[in-house]
Q: 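This structure is in structure tokens; I'll ask about it shortly.
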Amino acid sequence: EPEPAAHSPLSLCFLRTAGVWLPPMYLWVLGPIYLLHIHRHGRGYLRMSPLFKVKMVLGFALMLLCAFNVALPLWKIQQGTPQAPEFLIHPTVWLTTMGFAVFLIHMERKKGVRASGVMFGYWLLCCLLPATSTAQQASRGGFQSDPLSHLSTYLCLSLVVAQFVLSCLVDWPTFFPKDAQQPNPCPKAGASFPSRAMFWWISGLLWRGYRKPLGPKDFWSLEQGKSSEELVSRLEQEWRRSHRVAQRPCHRTHWGLGCSSAEALLQQEGSPRGPLLRAICRVFRSTFLLGTLSLVISDVFRFSVPKLLSLFLEFMDSPEAPAWKGPLLATLMFLAACLQTLFEQHFMYRVKVLQMRLRTAITGLVYRKVLALSSSARKASAVGDVVNLLSVDVPRLTESVLYLNSSWLLLLWICLCFAYLWQVPSPSDLCCPLGFCLLRWPLIFSPFSASRGSQEEQMRQKDSRARLTSSVLRTMGTIKAHGWEEAFLEKILRIRGQELGALRTSTLLFSVSLVSFQVSTFLVALVVFAVHTLVAEENAMDAEKAFVTLTVLGILNKAQAFLPFSVHLLVQAWVSFNRLAAFLSLEEVDPSAEDVKAASLAAGKDCVAIHNGTFAWSREGPPCLHRISLTVPQGCLLAVVGPVGSGKSSLLSALLGELSTVEGSVSIKGPVAYVPQEAWVQNSSVVENVCFRQPLDLPWLDTVLEACALQPDVDSFPAGVHTRIGEQGMNLSGGQKQQLSLARAVYRKAAVYLLDDPLAALDAHVGQHVFTQVIGPGGLLQGTTRILVTHTHHVLPQADCIVVLAEGAIAEMGTYQELLRRKGALVALLEAARPRAGGAQGGRAGLWGLRPGSCHPREGDATTSEGQMAVLQDDPERAGWPAAEDSMPKGRVKAAMYLTYLRAMGTPLCAYALFLFLCQQTASFCQGYWLSLWADDPIKAGRQEHTALRGGVFALLGCLQAIGLLASTAAVVLGGVRASRLLFRGLLWDVARSPIGFFERTPVGNLLNRFSKETDTVDVDIPDKARSLLISAFGLLEAGLVVRLGLPGPLEAISVCLWLLLSPTLPILPQSLYVATSCQLRRLDSASYSSVCSHVAETFQGSAVVRAFRAQGLFVAQSDALMDENQRVSFPRLVVDRWLAANMELLGNGLVLVAAMCAALSKAHLSAGIVGFSVSAALQVTQTLQWVVRNWTDLENSIMSVERVRDYARTAKEAPWRLPSCAGRPPWPRGGQIEFRNFGLRHRPELPLAVQGVSFKIHAGEKVSACPCTLGTLEEAGFSLHVPTGSCFYTLHLPTGLILPKSDLTQDFEAQGQAPGQKPAACPKRGLLTDSEWPLVGMVTASPAPAQGLPSRSSGDCSAWGTVEVLERSIRTRPWRRVLV
């Protein structure tokens, strides 16, 4: 250098000193830690591969070269030539460090390290000194005067570069791995360090997802020790330890995990938050601390970029600066930005992995708690609450991990930004902007606070609309029968209008808040520049001050915007954490309440015993059973009878240990099988429901199915016993589900059977067959202990003993004949039932109507969903799947869906919004360009001319940008609200106009999903993603044009063409790979976690059955398997997101390098202001590129909701609700006469006739009772719910003007808070509110006790009812004129 710049921190002397000491310091600091790490986490050893041999040879060569560099100055000293100490110290340090590096390479092979990041960084740093020395020697020349020094430098550079290249490769696999070989290992284990750093190892999955749909075989096995079972066990173990330290040892509770016991999660006493929080910290703290270290290092490089930019602009402003400094600063800026990107993305990667594993562990804890909840706890927490915990609270808690560092790190950001601003303009200029930064928060948060009320109103209207929609969809048959569609649609749309009004207000206020933030950012910059240039006369605006200040203000604004958002999310997470801790501390079943022994007993020995038992549903609640003393010998059939609410089901719950024991004891000897009153089935095949995790025994399975009268039904299924029955048995009738529940218990081959009224939901002939073949003295269960709760009194003579309960106590007990002779409670119960049974004409055969042992396949069940079963019967390829189940969409979203949404928004509004976005981005470009011109203004006498003009125009352009941004976002909001209104109206109309068969085939959950989740996505997500995409896309276009300004004149024309060509394609190239794979992974992740939530909800509903069968361990294993499948999908998804972010940011960093390097090489042709404008814009591209692709992907995922909302537009629709040409005029009709002539009907065109050749006539005022079969079909035909086909004719003289009660019918559609036997008795109340000439009452006597029956209108006389048709299962004598069979 002709004149070394001593004041510059980037002199050649500094670079040479850094090159000498940085690599040794790096390796001697990290090397021992790395050595200890690989010693503790060894994976076996590697064979001596060619790669290892070459590394060792090159390492020894470098050691020899360093030894030569030590010997050379010693020889020169011996020859009398004086040498500086550094010529002896530096080679000696490098010699020892190279020896340590060779030792580390050897230890990596011994410990199975195939690719080393530590050695990669070391060899990269080692390239700095030889490269600097080579450049210096090449520039000075003098090879002939000192050839050994030159050759040594060149050879050292060659060897170090060779070692660096070898460190980018990966070695052979481990010879004898310590961990078991996985069937589909993750490619990360065999990836090189650059591939792991850049997430390139995921590229294979990206290409597969781009070419074809992904399947289970495409996902990798979990890492050793990261399965759900191991994560949950570790968290549970730490929790128990923390709980013991904090309070006292937990009581033990049995979860059925083999022969061992598991401790209770938490007890009610004491705060449950502390132990749970400590347990989470102990299990996951190492991963979190490593991620925090990566984030801190990333922030160091983040704040080094503004300093390097300041030095670079100083170089551009200084004509005397050496030429090599510009490219060096551009390279350092590029490296700092790349390192900041890599460390930040690896922080995100570690945190996302932690979130995934934390979700797995907490979900496992929740599931295990579900299996241990007591009955009172299940009443306090409904199944919806548990699903909300998993779908809302667990994600909130896991997402908060990402923001835990924000509480202190963002404050550090703010302090560092003010420190930068203190130095860049001047300390005196910072006081006013600092005060303005504090005062701008009311401007930002005032609209946000005002929108909170609108958001709360929107949520209230949304909940109201969701409840009404759910009630309408669940009772669509009743609504269509009464012709109430238009009334309910009008009410739903009215609530929807109020909801959208609140949504429009809240989103507009949010847009104002967003624009306020943008305006406040601009105002802070304006105040800084104005104070700097106008207050002090000697201050002038230059490129360094202007654009470095803008860069620092960008970081400051990001911190200030992110800090309240992080605090808000952390508060939400704390609330969710409290909810989870409270749930996990709920009361559990007491294992000591039930003494179960697996001992074999001889006949006559007591098998079930209750000694002076008093039981309650909760520990604090009143007793529900009093002074129960009961012994049941082996092989006895015990019948338990009593009125509704007398405690029959509670007695079985007490035997199962579900109730809290106040006093007394319960003892059961032998395995137990339980049949609940409300059948519980799983969403699996018939054989899986029956076997219930037991080994398959085909002969015994056939015997059980035949005895339970299921064989004819199973034979009609398309896949036989392998047919899936759907969620909650949606493809089965109520009777079939009860038979399946009974078959599950019979298949168990237990010693004790607890049967809670299993015959109530069965047809007469089926119930007779089941009792005779299964429960009765000659059935499959003979010789076992059977406790049968029943309302079917005719089976009582066959019981060995009868217990009559009344008000929670045993009224009397004995044999049937003994109790009849006593004339006590049983006789009173029979007398109460006798008026409804017509005197019980003599015996079992007369009441059931069939011979004992006879059973025929039913032709129709009044509760059978024939339309649902028909889907399976007609499509063998779909055998085993639920009818009309939602299929997961595949592939990219069609362009027609985008056009559908844009048309719903309105074409003029869309064009207007695009124009406004273009205007505001133009104002932004002009604002930055004007600032660059301001910075380039010449300085005369320490001042710049036209400072006030420059500042005024800068302020005007900023205001225009804010107005354009507000108008453009408001246009998107208004268009989104309009589209939401039209799409929801179309969905509601399409569903309401569908025939009744559509609702039979389609699960209500699918419909509710369209009206809740998909509608919410259309309302909120699509406008938000569209706004973000437009802002990012126009920002990317602006950045490209700004970077073009920083290129030299000869490259300007080429750059314009290249940018216009590449600006659309830069995000498209990775976007094509990313979107195709990411969309599939998101769907699969959502579907797999939905399976977990469904399994938890299903287990919650059947937890009593699971505990009764002692199957907790098997269900826990199934839950762990489902969570492992979710992890296998979630892990690639999070890696794909990191791949996109890392590579897109590196692409943006490359643009920074190009802009800065071109500016440095063309220093004479460019001004500092234009260069500052160009480079600062290029730094923004780093984030903008990935957000364009991410917003594009999010928008495509959200547009899928439009596709799903429009699914039902193509389904068949029923006839118009109103025919103007056939409108009846009052007072038509005058009577209630009904006539069918040769009537035939099929449920769907491709199905056979369900009813054919039916002819009968019911006169006005006549009372008729109709009995199976196909009762529901005639009922639906009467209300025109199915269209008749073939040669048929029927006339219905019915009223068309039905009375709609003034009360809210949605509250009356479902009987809430009633026992199962009480709900059917409340249903006729709704029908009596309608003044109809033809009341049709469907099987209200199927479930209640005989003492309950059809309610009369006033005094018990039905004469005021008009024409009455009653559908019944049991033939009982009633005051009907005729009976239709």
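Only this structure's heavy atoms are used, side chains among them; waters, hydrogens and symmetry mates stay out.
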Q: Taking only residues two or more places apart in sequence, or in another chain, which ones meet Asp1120 in a salt bridge (charged side-chain N to carboxylate O under 4.0 Å, His left out)?
A: Arg368

Q: Do the side-chain N and O atoms of Gln768 and Thr772 include a donor-acceptor pair separated by under 3.5 angstrom?
A: yes

Q: Counting distance only, does the side-chain N/O of Lys369 pair as donor-acceptor with the main-chain N or O of Gly364 below 3.5 Å?
A: no

Q: Can you name the nearest heavy-atom pair linking Pro777 to Gln782, along with the distance?
A: O-OE1, 3.1 Å

Q: State whether a side-chain donor-acceptor pair under 3.5 Å links Asp1124 with Ser228.
A: no

Q: Quiz question: by atom type and distance under 3.5 Å, do the side chains of Ser227 and Glu230 form a donor-acceptor pair?
A: yes

Q: Enter the distance from Leu235:CG to Leu231:CG here, rounded to the nearest 0.5 Å.
A: 8.5 Å

Q: Report the residues that fulfil side chain to side chain contact (heavy atoms under 4.5 Å, CB included) with Ala616, sequence neighbours left out, ordered by chain and then residue number.
A: Val662

Q: Using modelled atom types only, decide if a donor and an acceptor are shared between the side chain of Trp700 and the backbone of Tyr747 within a distance under 3.5 Å.
A: yes

Q: Can you tell me how far apart CD (Gln1112) and OG1 (Thr1099) are? Round to the nearest 0.5 Å.
A: 11.0 Å

Q: Would Leu651 and Ile610 satisfy side-chain contact (heavy atoms from CB on, under 4.5 Å), going step by step from the backbone distance to the final call?
A: CA-CA 10 Å; Leu651 177 62; Ile610 301 178; 3.9 Å; yes

Q: State whether the side chain of Arg1107 and the backbone N or O of Leu371 hold a donor-acceptor pair below 3.5 Å, judged by distance alone.
A: yes

Q: Name each donor-acceptor pair under 3.5 Å that joins a side chain in residues 703-711 to protein atoms two or more places apart or in another chain, with its distance.
A:
from   : atom 1 : to     : atom 2 : distance (Å)
Thr703 : OG1    : Pro699 : O      : 2.9
Gln711 : NE2    : Asp715 : OD1    : 2.9

Q: For this output row, return yes or no: ring centroids of His626 and Phe615 closer than 6.0 angstrom.
A: no

Q: Mind checking ring pair (Phe, Tyr, Trp, His ring centres under 6.0 Å) for Phe692 and listing every partner two or more places apart, or none if nothing turns up?
A: Phe1109, Phe1115

Q: Could you work out, with side-chain hydrogen bond (donor to acceptor under 3.5 Å, both in side chains) as the rule, every residue matching Thr784, not counting sequence neighbours?
A: none

Q: With a 4.5 Å heavy-atom cut-off, do His611 and Ser629 have their side chains touching?
A: no

Q: Using the test side-chain hydrogen bond (donor to acceptor under 3.5 Å, both in side chains), find all partners of Ser1088 that sit at least two apart in sequence or belong to another chain.
A: Asn1126

Q: State, with a plain yes or no, whether a side-chain heavy atom of Pro671 is found less than 4.5 Å away from one of Val752.
A: no

Q: Are side-chain heavy atoms of Val687 and Leu696 found at a separation under 4.5 Å?
A: yes

Q: Is Val795 close to Ile775 at the side-chain level, that is, under 4.5 Å between some pair of heavy atoms?
A: no

Q: Report the residues that fulfil side-chain hydrogen bond (donor to acceptor under 3.5 Å, both in side chains) with Glu229, sequence neighbours left out, ordered by chain and then residue number.
A: none

Q: Any luck finding a side-chain donor-acceptor pair between Ser649 and Asp756 under 3.5 Å?
A: yes

Q: Under the side chain to side chain contact (heavy atoms under 4.5 Å, CB included) rule, collect the residues that match up with Thr363, sequence neighbours excluded.
A: Arg359, Leu390, Val394, Tyr1089, Val1092, Met1123

Q: Answer whether the closest heavy-atom distance between the side chains of Val608 and Thr631 falls below 4.5 Å.
A: no

Q: Would you mind reporting whether Ser1094 and Ser1091 have side-chain heavy atoms less than 4.5 Å apart?
A: no

Q: Ser741: what forms a side chain to side chain contact (heavy atoms under 4.5 Å, CB included) with it, not counting sequence neighbours?
A: Val675, Pro676, Ala679, Gln738, Arg744

Q: Leu365 and Trp239: side-chain contact (heavy atoms from CB on, under 4.5 Å), yes or no, with the steps?
A: CA-CA 10 Å; Leu365 282 182; Trp239 194 357; 3.6 Å; yes

Q: Start with the C-alpha gap between Glu587 and Leu373, add the side-chain angles, then the distance that decides, and say whether side-chain contact (heavy atoms from CB on, under 4.5 Å) holds.
A: CA-CA 6 Å; Glu587 182 183 8; Leu373 284 178; over 6 Å; no

Q: My understanding is that only residues two or more places apart in sequence, or in another chain, count here; which of them pass ring pair (Phe, Tyr, Trp, His ring centres under 6.0 Å) with Tyr753?
A: none

Q: Hey, could you give me the OG1/CD1 distance between Thr785 and Ile668, rounded to the nearest 0.5 Å?
A: 10.0 Å

Q: So, is the end of the Lys737 side chain (NZ or CZ) under 6.0 Å from the ring centre of Trp680 and within 45° of the ring's axis?
A: no

Q: Is there side-chain contact between Val386 and Val1096, with heavy atoms separated by less than 4.5 Å?
A: yes

Q: Looking at residues at least two apart in the chain, or sitting in another chain, which of them share a side-chain hydrogen bond (donor to acceptor under 3.5 Å, both in side chains) with Asp393?
A: Ser576, Arg579

Q: Calculate, to the nearest 0.5 Å, the distance between atoms CG and CG belonging to Leu740 and Leu732 respectively.
A: 6.5 Å

Q: I need the Lys749 NZ to Leu780 CG distance, nearest 0.5 Å.
A: 10.5 Å

Q: Using a 3.5 Å distance criterion without hydrogens, assess whether the side chain of Thr790 forms a donor-acceptor pair with backbone atoms of Thr792.
A: yes

Q: Using a 3.5 Å cut-off and no angle test, enumerate the donor-acceptor pairs between side-chain atoms of residues 799-814 and protein atoms at least two apart in sequence or in another chain.
A:
from   : atom 1 : to     : atom 2 : distance (Å)
Asp800 : OD2    : Leu637 : N      : 2.8
Glu812 : OE2    : Ala825 : N      : 3.0
Glu812 : OE2    : Leu826 : N      : 2.7

Q: Supply the atom-to-atom distance Trp617 CH2 to Glu658 CD, rounded to the nearest 0.5 angstrom.
A: 8.0 Å

Q: Any side-chain heavy-atom pair from His791 and Asp757 closer than 4.5 angstrom?
A: yes

Q: Check step by step if side-chain hydrogen bond (donor to acceptor under 3.5 Å, both in side chains) holds for Glu663 and Thr614.
A: CA-CA 5 Å; Glu663 61 178 351; Thr614 299; 3.2 Å; yes

